[in-house]
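Have a look at the structure below, then the notes.
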Amino acid sequence: MTRLSGWGRFRPVEARVARARDASDVVAALAQGPLIARGNGRAYGDSAVSPGLTLDMRGMDRMLSFDKVRGVLVAEAGVLLAEVIAAFLPRGWFPAVTPGTKFVTLGGAIAADVHGKNHHLDGSFGAFVDWVEVMDAKGCVRRAEAGSEAFGWTVGGMGLTGVILRAQIRLRPVETGWIVQDMRATQTLEATIDMMDATLSAPYSVAWLDCVTTGVMMGRGLVMLGRHATLDDLPRADRRKPLVTPRKPTLRLPFDLPAAALNGITRRAFNALYYWNGRRKPGPRLVDWDSYFYPLDAILDWNRGYGRAGFLQFQCALPQEAAKPGMSALLGAIARSGEASVLSVLKRFGAQSGPFSFPMAGYTLALDFPANDRSLRLMERLDAITLDHGGRFYLAKDARMPRAVLEAADTRVAAFRAMRAATGAAGRFVSVQSERLGL
Amino acid sequence: MKGPVLILGAASDIARATARAFAAQGCAIQLAARDPDRLADDKADLETRFGVAVTLHRVDALDVESHEAFVDSLPDLPMVAVCAVGLMGDQAQTAADVTRATLILRSNFEGPASLLGVLANKMEARGSGTLVGISSVAGERGRASNYVYGSAKAGFTAYLSGLRNRLAKKGVHVVTVLPGFVDTKMTAGMGLKGPLLAQPEEVGRAIVAAVEKTRDVIHVRRVWWLVMAIIKAIPEGSFKKTSI
């Protein structure tokens with residue numbers, strides 16, 4: 001038995017863990033009873049912890065083929081995005097969609113159908129997956145092609161359709177390892193959203209919001225636009241090795257900070273500093289891929305910064321027409337509570353892609369809070385505001401949502417449950433989250 | 001670094017990580033195991049990630065008569081040979097069953113020693129090469145919890161030491177690796193964690209570094225040197241009453 005939790009380290013459970021090195025290990029694990037597959041444990045809540053067996057898929061981490069003309073990779077589910085970048089960026093390829101950390105497995109990225117800063121143009125991770133091979137409750141392996149029903153349920157299905165064994169993904173050709181970033185400060189929430197609506201042609205777009213400041217300045221922020229740099233964007237000296245960027249030092253938090261370290265005062269100070277620092281350097285500049293996409297990866301185990309109790313993430317999506325009033329109500333509730341999220345991230349979404357995938361056309365807001373009773377109460381208010389505005393919730397972030405909230409937010413739950421019952425997945429692929437939410 | 005690099009017992013977690021660490025340096029890789037058909041995906045992985053040439057070979061560590069022919073059958077005599085062959089077994093079972101005990105002794109000592117012995121002679125004749133034996137801290141002192149495995153590893157460690165001595169002036173180097181606890185299939189379920197537990201990737205990188213720097217004996221995590229120094233320093237009269 002091992003104490004296991006998600007990346008937020010909230011409410012760890014005593015879990016039985018087995019590691020899979022090949023498909024026969026998955027068959028053997030299935031024979032032991034209900035299980036859930038776990039990638040690199042970067043889902044924030046209890047998505048990848050099972051009350052039965054938690055199957056560690058990191059042992060299945062082989063890359064099987066690469067088409068160097070089309071940039072198509074076949075790999076096992078336990079391969080990390082960081083490994084994909086290490087192997088293929090030097091050859092001029094980059095993941096077509098990436099979340100805010102490169103330490104996720106391909107299986108996890110597919111199961112959560114993760115999104116990146118380019119969702120408004122390109123869609124989510126699943127849009128670049130050609131097929132997935134999934135082992136069902138009987139131990140049969142089926143290849144689900146993009147567009148098929150089984151594929152749709154698996155992408156964003158949180159591992160609840162079966163164990164994802166391998167997949168074929170398409171990478172994006174890049175000329176350099178650099179991003180041209182264009183940072184723009186905004187004065188109000190409305191201005192932030194207007195600017196994001198006005199810059200939809202930017203390949204990457206994301207905004208950091210100051211969620212401490214109240215009044216008319218509430219929701220001021222930094223809109224960060226980006227695109228892959230071409231050879232011509234680089235200074236002459238860097239053009240000879242355009243795919244090589246300087247190696248960044250990584251730090252590690254070797255112990256838990258006391259819970260008080262990220263208290264109201266430091267979180268307020270951080271928000272103010274971040275805003276003013278961003279405002280000082282507006283306009284375009286070159287940023288290496290690692291700093292641009294994965295700033296938090298520079299501090300390994302950064303989740304220990306919140307202390308032993310861990311932290312909670314909240315991420316909802318609101319439809320386009322409700323974005324301004326909805327986001328305003330969410331930020332207002334946070335400001336009134338006296339809590340402050342360290343990193344509040346606003347992102348424009350394109351259309352929904354799968355029958356159970358999280359993104360929907362509109363805006364998404366991601367927040368983090370220390371795990372305590374006040375935060376939990378605040379998040380209940382945020383749940384209610386999201387429901388009032390027709391929004392939905394991201395299961396890869398969730399660690400505490402009540403079943404009724406999910407059911408009220410997402411009418412697709414009934415169809416998902418019916419699919420689980422019909423395919424024999426119900427009762428066999430089980431996470432602490434799926435039990436809590438009755439999936 | 002020049003290849004090819006031969007990995008013996010290539011199906012283990014440490015072997016997989018070691019093969020990757022050498023392939024990352026651009027070395028061609030020869031993977032050898034009892035059932036090479038199961039290594040097809042590992043071969044594909046090394047080729048896909050690193051663009052190196054990989055060949056698969058059948059070898060039975062316990063069939064010592066076949067070892068000469070096995071080495072002769074390799075497309076090239078390797079520049080580096082890493083022996084990751086081994087079998088831990090369950091001590092209680094091993095103590096009760098002499099057949100089982102013999103299998104542990106042969107898998108960890110006789111087989112690896114025979115394979116490296118054949119390779120040593122051929123490398124000596126060529127005048128170059130590096131042999132890497134993955135032994136164990138369990139061979140440093142016999143303990144009730146795993147002395148059958150430990151004594152076989154003690155024999156293998158002594159064998160590597162002797163081989164190193166013999167070949168020191170012949171252009172062939174021998175590295176002894178004492179990994180300590182490693183997070184692998186072999187140790188799964190032992191409930192290990194903390195600073196004594198290394199990841200297989202660390203072992204792989206440490207082996208590549210040891211070959212490059214012609215190190216003689218390495219612990220993957222330095223703390224193991226201290227742990228074993230203490231364990232070895234306990235007088236036998238006291239040691240026999242402990243349960244470490």
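Computation of the quantities below employed the complete heavy-atom set of this structure, encompassing side-chain atoms and omitting hydrogens, waters and symmetry-equivalent molecules. In what follows, chains carry the letters A, B, and so on, assigned in the order in which the sequence lines appear, proteins first and then strands, with residues in each chain numbered from 1.
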Within this structure, what is the CG-CG distance for the pair A/Asp56 and B/Asp183, rounded to the nearest 0.5 Å?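 Taking CG in A/Asp56 and CG in B/Asp183, the distance rounds to 8.0 Å.
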Which atom of B/Arg20 lies closest to which atom of A/Glu83, heavy atoms considered: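 Looking at all heavy atoms of both residues, the shortest contact is NH1-OE2, 4.2 Å.
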Smallest separation among heavy atoms of B/Arg16 and A/Gly59, with atom names: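 It is NH1-O, 2.7 Å.
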With distance as the sole test, does B/Asp45 use its side chain to make a donor-acceptor pair with the main-chain N or O of A/Met63 at under 3.5 Å?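 Checked: pair present.
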Hey, does the side chain of A/Arg62 reach the backbone of B/Leu46 with a donor-acceptor pair shorter than 3.5 angstrom?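 Not at all, since once roles are kept as given, no pair shorter than 3.5 Å links the two residues.
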Among residues at least two apart in sequence or on other chains, which ones pass side-chain hydrogen bond (donor to acceptor under 3.5 Å, both in side chains) with A/Asn303?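 side-chain hydrogen bond (donor to acceptor under 3.5 Å, both in side chains) list for A/Asn303, sorted by chain: empty.
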Kindly check if the number of other-residue, nucleotide or ligand heavy atoms within 6.0 Å of [atom1] ([X]) is above 12?
{"X": "B/Arg143", "atom1": "CZ", "value": "yes"}
{"X": "A/Arg304", "atom1": "CZ", "value": "yes"}
{"X": "A/Arg70", "atom1": "CZ", "value": "no"}
{"X": "A/Trp131", "atom1": "CH2", "value": "yes"}

Side chain, backbone, both or neither: which part of B/Ala17 has a non-hydrogen atom closer than 4.5 Å to chain A?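 It is neither, since no heavy atom gets under 4.5 Å.
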Using a cut-off of under 4.5 Å for heavy-atom pairs, which of B/Ala44, B/Pro200, B/Ala40, B/Ala24 has the most such pairs with chain A?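 Among B/Ala44, B/Pro200, B/Ala40, B/Ala24, the one with the most close pairs to chain A is B/Ala44.
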Under a 4.5 Å cut-off applied to non-hydrogen side-chain atoms, are B/Asp41 and A/Arg166 in contact?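 Yes. Closest side-chain heavy atoms under 4.5 Å.
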Does B/Asp13 come within less than 4.0 Å of A/Arg19, counting only side-chain N to carboxylate O?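 So B/Asp13 does not pair with A/Arg19 through a salt bridge.
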Under 4.0 Å between a side-chain nitrogen and a carboxylate oxygen: does that hold for A/Arg21 and B/Asp42?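 No, no charged N to carboxylate O under 4.0 Å.
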Is it the backbone or the side chain of [X] that comes under 4.5 Å from a heavy atom of chain B, or both, or neither?
{"X": "A/Asp61", "result": "both"}
{"X": "A/Arg16", "result": "neither"}
{"X": "A/Val79", "result": "side chain"}

